[in-house]
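Step one of this worksheet: look at the structure below.
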Amino acid sequence: MAAAAQALRVLGAGRRGFRTFRRTRPFWGGLWCVLAGAWLVRSMYFSFVLAVSGGWSYSAGYILGGALVLFGLVAWFAPHYRGLVGILAVLLALGAFVSVNLGGYLVGSVLGILGGSMIWAWGEKRPRRVRGGRRRATTTTTPTASTTPVSA
């Protein structure tokens with residue numbers, strides 16, 4: 001019984017930590033970008049080719065797909081770069097549409113555009129309400145003006 005209770009406490013703490021991680025960064029946008037990049041790289045192995053293959057199209061899948069994975073990870077671990085990363089992810093997803101078999105048969109480009117847009121539009125969450133229905137108060141002090149006259 002004690003081992004099961006300990007395991008539940010550890011799982012609960014891990015779940016709360018993951019929830020905090022998700023709420024403090026553009027998690028879902030980063031996830032869509034990582035999936036888009038993985039799909040673009042994976043689509044290079046498909047035998048069904050929509051465009052003329054060879055040359056740039058082979059390396060473009062690896063370069064653009066790897067960059068989308070990288071941008072998704074940057075959004076997770078350095079969220080203060082979210083504006084730049086989001087716009088670059090959308091531009092790379094649009095470039096993949098032209099250069100990587102219609103963007104991984106449209107799936108990679110659509111996921112990349114969705115993820116980049118979500119990263120760019122992300123904003124931090126407000127503090128959660130406590131059980132009493134009030135937000136946690138932040139103490140701010142305002143300087144008071146002195147009523148003593150200044151002599152010239």
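What you see below is based on every heavy atom in this structure, not just the backbone, and it leaves out hydrogens, waters and symmetry mates. Since the structure is predicted, the reported quantities are computational estimates derived from the model, not experimental observations.
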Contacts table for residues 82-92: side-chain donor-acceptor under 3.5 angstrom, sequence neighbours left out:
residue : atom : partner : partner atom : Å
Arg82   : NE   : Trp122  : O            : 3.1
Arg82   : NH1  : Trp120  : O            : 2.7

Given the rule that I, L, V, M, F, W and Y join up when any side-chain heavy atoms are under 4.5 Å apart, are [X] and [Y] in one cluster?
| X | Y | value |
| --- | --- | --- |
| Leu111 | Trp76 | yes |
| Phe77 | Met118 | yes |
| Met44 | Leu64 | yes |
| Leu94 | Leu114 | no |

Rounded to the nearest 0.5 Å, what separation is found between the CZ atom of Arg9 and the CD atom of Gln6?
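Arg9 atom CZ to Gln6 atom CD measures 4.5 Å (nearest 0.5 Å).
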Got a second to check how far Leu8's CG is from Arg15's CZ, nearest 0.5 Å?
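It comes to 12.5 Å.
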Which atom pair, heavy atoms only, marks the closest approach of Arg25 to Ala75?
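In terms of heavy atoms, the two residues are closest at CB-O, 4.1 Å.
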Can you name the nearest heavy-atom pair linking Thr24 to Thr20, along with the distance?
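The answer is OG1-O, 3.0 Å.
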Please report, to 0.1 Å, the donor-acceptor pairs under 3.5 Å made by any side chain of residues 26-40, with sequence neighbours excluded.
residue : atom : partner : partner atom : Å
Trp39   : NE1  : Gly104  : O            : 2.6

So with a 6.0 Å cut-off around OH of Tyr81, is the heavy-atom count from everything else above 12?
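No.
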Ser109 side chain to Ala93 main-chain N or O, any donor-acceptor pair under 3.5 Å?
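Yes.
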